[in-house]
Amino acid sequence: MASPVKKQKTEPSAKPSAVDCQHVLVMRHGNRVDDGVDDSWWTSDPKPWDPPLAEVGWIKALETGKKLRAELGFPIHRIVVSPFQRCIKTAQQLIAGLSMANDDATSNPADSSTSRIKVSLEYGMSEMMNDVALWYHPTDRNSWGFNIEELEALFPQRVVEITRHRVFMELPQWGESESGAKDRYLLTIHSLVDRYPEENLLFITHGEGVKVTASTYWKKARGHKIRPGYFGYAHLQRQIIRNGDSFTANRFGIATDPNETGIKLEPPRHA
């Protein structure tokens, strides 16, 4: 992401609390059902390329939402979600957790009730589209894809972004390269954080999207293999300087040590 970024006019929004520092979380979805939970689930599923959350992932997503609400120290204004159902279900439970009252909600600085959160689905945060990331893909291309309107209907109507802006209007083509996926993830994140500079965004995506974000901004990660666990996330922040309707944004930096947010490094392999 280039630095500094200059915009002449900010995007009209639901007037969230003004922020001098924009926070962005890029998070991996929760535990998927085909990861040692039910190896045969796909035999009876019409979309075996799109595994759902396991029950443990569903439970942990709710807990993660409550934990974020209690510990972040800032609100989440917008959640951007990959259309794969493991990400959709993660987002649903996270929103429920974020909206749950704490013992003393009136004094909680991270009050993120669903009335303040907007949700949008974004093809740009989809899984890397190749046989490295997806072990199964259909030969019938008519069965490959998503009905965005049906997926949006899974969320409370008040949180779905009606006047949504999408960076990518369709799924990436099959056979996408790793470098192509990296460019896609960064372009999507860059475009949306610049479109909503007065909002804190949470992107719910796949392991590759988190790895790309961490490797771009976490200097310690260079030369290492990055392993984001389920719900592992990269937390970025940047300073926003406003001048009337225009703004200048400094470069993003890692705000929280990724070791504390579920991202691990493997030692570099030497020849």
What pairs with N147 under side-chain contact (heavy atoms from CB on, under 4.5 Å), at least two apart in sequence or on another chain?
-> E149, E150
Cluster check F231, I59: I/L/V/M/F/W/Y, side chain < 4.5 angstrom | no
Closest non-hydrogen contact found for G207 with R28 is N-CG, 3.7 Å
Could you please spell out the steps behind the side chain to side chain contact (heavy atoms under 4.5 Å, CB included) verdict for R238 and V193?
-> CA-CA 10 Å; R238 65 177 179 175; V193 298; 3.9 Å; yes
On a heavy-atom basis, the closest approach of I254 and Y217 is CG1-O, 3.4 Å
In the hydrophobic clustering that connects Ile, Leu, Val, Met, Phe, Trp and Tyr at side-chain heavy-atom distances below 4.5 Å, which members other than V132 occupy its cluster, ordered by chain and number?
-> none
Results of salt bridge (charged side-chain N to carboxylate O under 4.0 Å, His left out) for E122 - residues two or more places apart only = none
Examine H206 together with F84 and report whether their ring centres are nearer than 6.0 Å.
-> yes
Closest contact, heavy atoms only, G145 versus L171 = CA-CD1, 4.0 Å
Can you run down the salt bridge (Lys or Arg N to Asp or Glu O under 4.0 Å) pairs that involve residues 205-214, sequence neighbours left out, and say none if there aren't any?
-> E208-K211
Give a yes or no on whether the backbone of S82 and the side-chain of T205 come within a donor-acceptor separation of less than 3.5 Å.
-> no
Between L192 and the options R166, E199, H165, the side chain to side chain contact (heavy atoms under 4.5 Å, CB included) test singles out H165
May I have the step-by-step check of side chain to side chain contact (heavy atoms under 4.5 Å, CB included) for I189 and V80, ending in yes or no?
-> CA-CA 9 Å; I189 295 168; V80 181; over 6 Å; no
Measure across H235 and L25 and return the closest heavy-atom pair with its distance rounded to 0.1 Å.
-> CD2-CD1, 3.6 Å
Determine the interplanar angle of the H23 and F74 rings, folded into 0 to 90°, and report it as parallel if under 30°, tilted if 30 to 60°, perpendicular if over 60°.
-> parallel
Looking at CG of D183 and OG1 of T188, how far apart are the two atoms once the value is rounded to the nearest 0.5 Å?
-> 10.5 Å
Minimum heavy-atom distance P228-I226, with the two atoms named = CD-O, 3.6 Å
Look at the aromatic rings of H29 and Y230 and report parallel, tilted or perpendicular, splitting at 30° and 60°.
-> tilted
Just how far is it from atom CG of L68 to atom CD1 of I76, taken to the nearest 0.5 Å?
-> 7.0 Å
For A221 and A214, which heavy atoms make the closest approach, and how far apart are they?
-> CB-O, 4.5 Å
At what distance, to the nearest 0.5 angstrom, does CD1 of I79 lie from CD1 of I117?
-> 4.5 Å
Can you name the residues that form a salt bridge (charged side-chain N to carboxylate O under 4.0 Å, His left out) with R227, not counting sequence neighbours?
-> E266
So the salt bridge (Lys or Arg N to Asp or Glu O under 4.0 Å) pairs with at least one residue in residues 168-179 (sequence neighbours excluded) are E176-R184
